[in-house]
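Everything numeric here is computed off the predicted structure, so don't read it as measured data. Reminder, nothing fancy here: chain letters follow the sequence lines and each chain counts from 1.
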Amino acid sequence: MQSRDNQFIQLRKQKLEKLRAAGINPYPVKSARTHSVGDVLADRESWISSQQEVCLAGRLVAMRRQGRIGFGNIEDASGRIQIYVAQNLVGEENYELFKLCDAGDFVQVGGTLFNTEAGEYSLKTIRIELLTKNLRPLPAVKEKLVDGKTVRYDEFSDIELRYRKRYLDLLLNPGNRQVFIQRSRVISAIRSFLDAKGCLEVETPVLQPLYGGANARPFVTHHNTLDTDLYLRIATELYLKRLIVGGFEAVYELGKDFRNEGMDRTHNPEFTMLELYVAYSDLDGMIAVTEEMIRHLAQNVIRKDIYNFRGHQVNLAQPFIRASMLDLVKEHAGIDLSDFDYGRALAFCKGHKLEVSPEAGVGKLIAVIFEAFVEEKLIQPTFVTDFPKEISPLAKAKPDNPQLADRFELIIAGHEFANAFSELNDPLDQRARLEAQARLRALGDEEANVVDEDFLEALEYGMPPMGGLGIGIDRLVMLLTENDSIKEVILFPQMKPE
RNA sequence: GGUCCAGUAACUCAGCGGUAGAGUAUCUGCCUUUUAAGCAGAGAGUCGUUGGUUCGAGUCCAACCUGGAUCACCA
């Protein structure tokens with residue numbers, strides 16, 4: 001957009017030459033920082049009374065020069081502090097350097113702490129040195145404290161620019177930086193939570209010869225040496241299950257999945273997924289761990305119970321609701337399909353102009369009705385159970401009803417947050433279900449599962465009964481940081497090349 | 001992919017078919033306790049792109065590009 005030099009860049013390059021001519025290296029190797037800004041912001045009185053000399057380093061974010069004195073603010077990761085630079089304290093030569101500094105430069109500043117006449121805690125500079133010369137001016141953002149609240153002027157707020165140049169967003173919008181700090185804490189807390197339960201974090205291939213574990217179209221790439229196409233994984237499921245066959249009893253993976261689908265407010269082509277598998281557990285075990293973990297994150301990481309999300313108030317402190325899909329369909333769509341009557345289901349869909357493909361079975365139709373009539377109405381966290389087996393090719397059937405899968409999805413504010421089942425471990429049943437998926441594929445369903453013979457062979461060696469769970473981490477972070485767009489919680493969301 | 005909205009200076013934005021604007025930022029001058037510093041002055045633009053209508057287009061029309069919202073698809 002502005003790659004060629006504008007007036008600002010030309011001026012700064014001239015300053016760079018002046019600095020070099022004065023024998024100053026604008027990009028020195030070493031910094032002599034002794035303290036962080038955060039260090040001197042704590043326990044201010046003792047810093048002032050001790051008059052201990054410190055050297056701070058950071059980015060100069062504001063300059064207010066007036067004749068032979070000047071003020072600036074420097075910021076490092078721990079905070080921001082005002083510096084007071086006076087010619088009679090730093091000397092004429094060093095003051096000339098200060099005059100060549102711009103907002104955006106990295107500097108290190110030696111001095112002692114004091115309060116100015118206006119009462120602002122500041123560093124009284126005795127020496128200022130350049131650490132990195134800035135060539136491209138930062139967008140101007142000013143702020144003012146009004147009644148303890150920070151009012152910001154000319155914010156860097158263009159959404160496209162914020163995503164494309166995230167470094168500027170982080171630098172200029174501290175609130176947005178906070179979102180990613182929270183994200184990191186959430187992910188870290190998930191690890192500790194699962195580790196404390198005895199789960200083992202593992203890494204499985206991103207590049208897979210066959211993809212599976214979800215319904216989605218994959219990205220395809222090519223390995224030159226093997227001269228073979230490989231897929232970027234759409235899920236980690238089938239590899240994690242192999243590990244349970246291998247004797248691990250509780251494994252999880254936190255990592256990126258890739259799905260070659262549309263992008264919108266809740267979908268990015270690469271996204272972070274948590275998958276967890278626990279042997280000898282089942283759906284109830286997964287419900288318990290999901291609810292406990294999400295509440296733990298809300299209460300102990302974010303430290304709130306109520307979240308504003310998509311125009312709703314979501315309460316993560318109260319017990320999550322549990323309801324079966326057929327009951328919900330009955331309640332919200334007014335049709336009882338517990339008899340799995342295909343004709344009535346189809347008539348209902350047609351009557352409500354719901355789009356259904358001709359190869360869809362009654363289970364798929366029930367899911368379509370659920371999505372159209374129920375999903376958006378589930379605001380408070382709700383475990384929707386008893387999915388049709390037909391649309392759950394990797395889940396075990398319910399013992400008391402072979403049409404239903406022992407599966408749940410957690411819906412919050414009309415969006416899916418988690419998906420779990422009692423995992424199917426009958427190798428022959430699993431083969432039959434994958435082959436049924438393959439038939440759908442042959443009929444043109446590009447998102448149907450493929451038959452993974454290696455996985456089926458692993459199942460034949462025996463996989464213990466277990467519960468499995470997947471949680472979309474980006475969406476969870478959206479909820480916990482109260483953001484309505486996935487792009488707000490992914491540092492570098494996918495954008496079209498400029 | 002459909003529909004709607006937006007794109008003008010580094011940032012945030014005005015702009016009625018008739019010479020391209022403001023605030024901040026920047027530059028120059030004055031200024032030794034400022035803090036959205038102040039005062040005085042100055043510079044800064046291929047108005048997203050390409051066509052068209054018109055004596056004349058930032059403004060009207062068309063197509064395209066990028067982003068957003070929404071619907072569809074998608075878990």
Side-chain angles (χ1 to χ4, degrees), chain A residues 1-2 4-12 14-15 61-73 80-90 95 102-104 114-122 124 135-146 150-165 168 172-173 213-217 234-235 257 259-269 271 273 353-355 357 367 370-372 375 384 387 391-392 409-411 414-419 445-447 470-472 475 484-485 487 493 495-498:
Chain A
M1 196 179 183
Q2 66 273 34
R4 83 180 203 292
D5 288 3
N6 57 32
Q7 50 170 335
F8 303 104
I9 293 174
Q10 285 172 15
L11 273 163
R12 294 199 183 189
Q14 287 165 16
K15 285 188 182 175
V61 291
M63 287 270 274
R64 294 177 294 281
R65 272 200 42 242
Q66 42 175 334
R68 284 184 292 278
I69 68 159
F71 297 86
N73 295 82
R80 179 189 291 200
I81 191 172
Q82 176 168 273
I83 61 170
Y84 167 75
V85 185
Q87 192 192 48
N88 62 346
L89 292 174
V90 301
Y95 197 76
D102 292 297
F114 79 120
N115 284 323
T116 63
E117 281 179 14
E120 178 153 349
Y121 182 65
S122 308
K124 185 179 284 181
L135 291 186
R136 195 176 283 272
L138 300 171
V141 175
K142 291 205 164 193
E143 46 189 46
K144 179 189 186 179
L145 268 177
V146 181
T150 304
V151 182
R152 314 190 83 223
Y153 299 83
D154 296 333
E155 238 167 329
F156 180 72
S157 59
D158 183 281
I159 293 175
E160 185 175 353
L161 273 182
R162 285 184 42 235
Y163 297 156
R164 287 193 193 276
K165 308 205 180 295
L168 292 179
L172 300 167
N173 299 319
N215 299 333
R217 281 179 291 167
I234 60 172
D257 287 345
R259 296 186 185 175
N260 208 338
E261 315 264 6
M263 297 159 58
D264 61 25
R265 221 182 30 236
T266 55
H267 296 83
N268 195 61
F271 60 101
M273 179 75 103
K353 301 208 163 75
L354 301 179
E355 217 175 286
S357 63
F370 172 81
E371 281 162 24
E375 202 163 32
V384 177
F387 274 61
I391 57 165
S392 314
E409 277 190 6
L410 174 63
I411 309 290
H415 281 85
E416 178 198 343
F417 277 73
N419 183 14
D445 183 351
E446 281 186 84
E447 276 140 17
I471 296 183
R475 288 187 192 173
D484 288 349
S485 168
K487 288 189 168 76
M495 304 286 278
K496 273 206 186 183
E498 281 179 287

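- Between B:U59 and B:U19, the distance separating the two P atoms is 14 Å to the nearest Å.
- Comparing the same atom, C1', in B:G17 and in B:C5 gives a spacing of 23 Å after rounding to whole Å.
- For the P atoms, the distance linking B:C73 with B:A10 amounts to 43 Å, nearest Å.
- The nucleotide B:A10 finds its pairing partner in B:U24, both defining distances of the Watson-Crick or G-U wobble pair being shorter than 3.5 Å.
- Here B:G48 presents its C1' atom at 10 Å from CD of A:Glu160, a figure rounded to the nearest Å.
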Side chain to side chain contact (heavy atoms under 4.5 Å, CB included), that's the test. Do A:Gln82 and A:Tyr121 meet it? Break it down for me. CA-CA 7 Å; A:Gln82 176 168 273; A:Tyr121 182 65; over 6 Å; no
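- Side-chain atoms of A:Asn268 do not come within 3.5 Å of backbone N or O of A:Lys487 as any donor-acceptor pair.
- Between the side chain of A:Gln87 and the base of B:U32, no donor-acceptor pair under 3.5 Å is found.
- Protein atom CZ of A:Phe156 is 23 Å distant from nucleotide atom P of B:A36, rounded to whole Å.
- In terms of phosphate contacts, A:Arg64 brings no side-chain nitrogen or oxygen within less than 4.0 Å of OP1 or OP2 of B:U34.
- Looking at heavy-atom distances under 4.0 Å, A:Phe417 makes no contact with the nucleic acid at all.
- A:Phe114 comes within contact range of at least one nucleobase, with a heavy-atom separation under 4.0 Å.
- Taking atom CD of A:Gln7 as the reference point, atom P of B:A10 lies 7 Å away to the nearest angstrom.
- Pairing partner, B:U49: B:A63, with both Watson-Crick or wobble hydrogen-bond distances short of 3.5 Å.
- Here CG of A:Asp102 is found 11.0 Å from CZ of A:Phe8. Values are rounded to the nearest 0.5 Å.
- Here, B:U33 and B:G38 have their P atoms 16 Å apart, quoted to the whole Å.
- Of all nucleotides listed (B:C27, B:U35, B:U33), B:U33 comes nearest to the side chain of A:Phe71.
- The side chain of A:Ala140 approaches B:A25 more closely than any other nucleotide in the set B:A25, B:A36, B:U33.
- Base pairing of B:G1: its partner is B:C71, meeting the Watson-Crick or G-U wobble criterion (both donor-acceptor distances under 3.5 Å).
- Here A:Arg65 lies in heavy-atom contact (under 4.0 Å) with a base.
- Counting non-hydrogen atoms under 4.0 angstrom, A:Glu416 reaches a base of the nucleic acid.
- For the pair A:Glu155 and A:Gln82, both in contact range of RNA chain B, the more 5′-proximal nearest nucleotide belongs to A:Glu155.
- A:Asp264 comes within 4.0 angstrom of a nucleotide base, judged by non-hydrogen atoms across all strands.
- Residue-level contact check: A:Asn73 touches neither bases nor backbone, having no heavy atom under 4.0 Å from any strand.
- Contacts of A:Glu120 with the nucleic acid, taken as non-hydrogen atoms under 4.0 Å apart, include base atoms.
- The gap from the P atom of B:U66 to that of B:C27 amounts to 36 Å, rounded to the nearest Å.
- Nucleotides B:G7 and B:U32 are separated by 45 Å at their P atoms, to the nearest Å.
- Whole-Å rounding puts the A:Met63 CE to B:U34 C1' distance at 13 Å.
- Within the model, atoms CD of A:Glu416 and CD1 of A:Ile471 stand 10.5 Å from one another, a figure rounded to the nearest 0.5 Å.
- Here B:C39 presents its P atom at 13 Å from CD of A:Gln66, a figure rounded to the nearest Å.
- You'll find that the side chain of A:Glu117 is closest to B:U33, out of B:U12, B:U33, B:C73.
- At whole-Å resolution of the value, CG in A:Leu168 and C1' in B:C11 are 11 Å apart.
- When rounded to the nearest whole Å, the span between NZ of A:Lys496 and P of B:U49 equals 19 Å.
- Taking the P atoms as reference points, B:A72 lies 31 Å from B:A14, given to the whole Å.
- For B:C39, the paired base is B:G29 (Watson-Crick or G-U wobble, both distances below 3.5 Å).
- Panel note: side chain A:Tyr95, backbone A:Ile69; a donor-acceptor pair is recorded below 3.5 Å.
- Between the CD atom of A:Glu355 and the C1' atom of B:G2 there is a distance of 13 Å, rounded to whole Å.
- Phosphate proximity of B:G68 to A:Lys487: present, with a side-chain N or O under 4.0 Å from OP1 or OP2.
- Across all strands, A:Leu172 comes closer than 4.0 Å to no nucleic acid atom at all (heavy-atom distances).
- No donor-acceptor contact under 3.5 Å links the side chain of A:Ser157 to the base of B:U12.
- In terms of modelled atom types and a separation under 3.5 Å, the side chain of A:Glu261 and the main chain of A:Arg217 share a donor-acceptor contact.
- The nucleotide B:A57 finds no pairing partner, because no Watson-Crick or G-U wobble arrangement with both distances shorter than 3.5 Å includes it.
- Straight-line distance between the P atoms of B:A20 and B:U3: roughly 35 Å, to the nearest whole Å.
- Atoms CZ and OG, from A:Phe387 and A:Ser392 in turn, are 7.0 Å apart once rounded to the nearest 0.5 Å.
- Among the atoms of the strands shown, only primed sugar atoms or phosphate atoms (P, OP1, OP2) are found under 4.0 Å from some heavy atom of A:Ala216.
- In terms of modelled atom types and a separation under 3.5 Å, the side chain of A:Arg259 and the main chain of A:Ile234 share a donor-acceptor contact.
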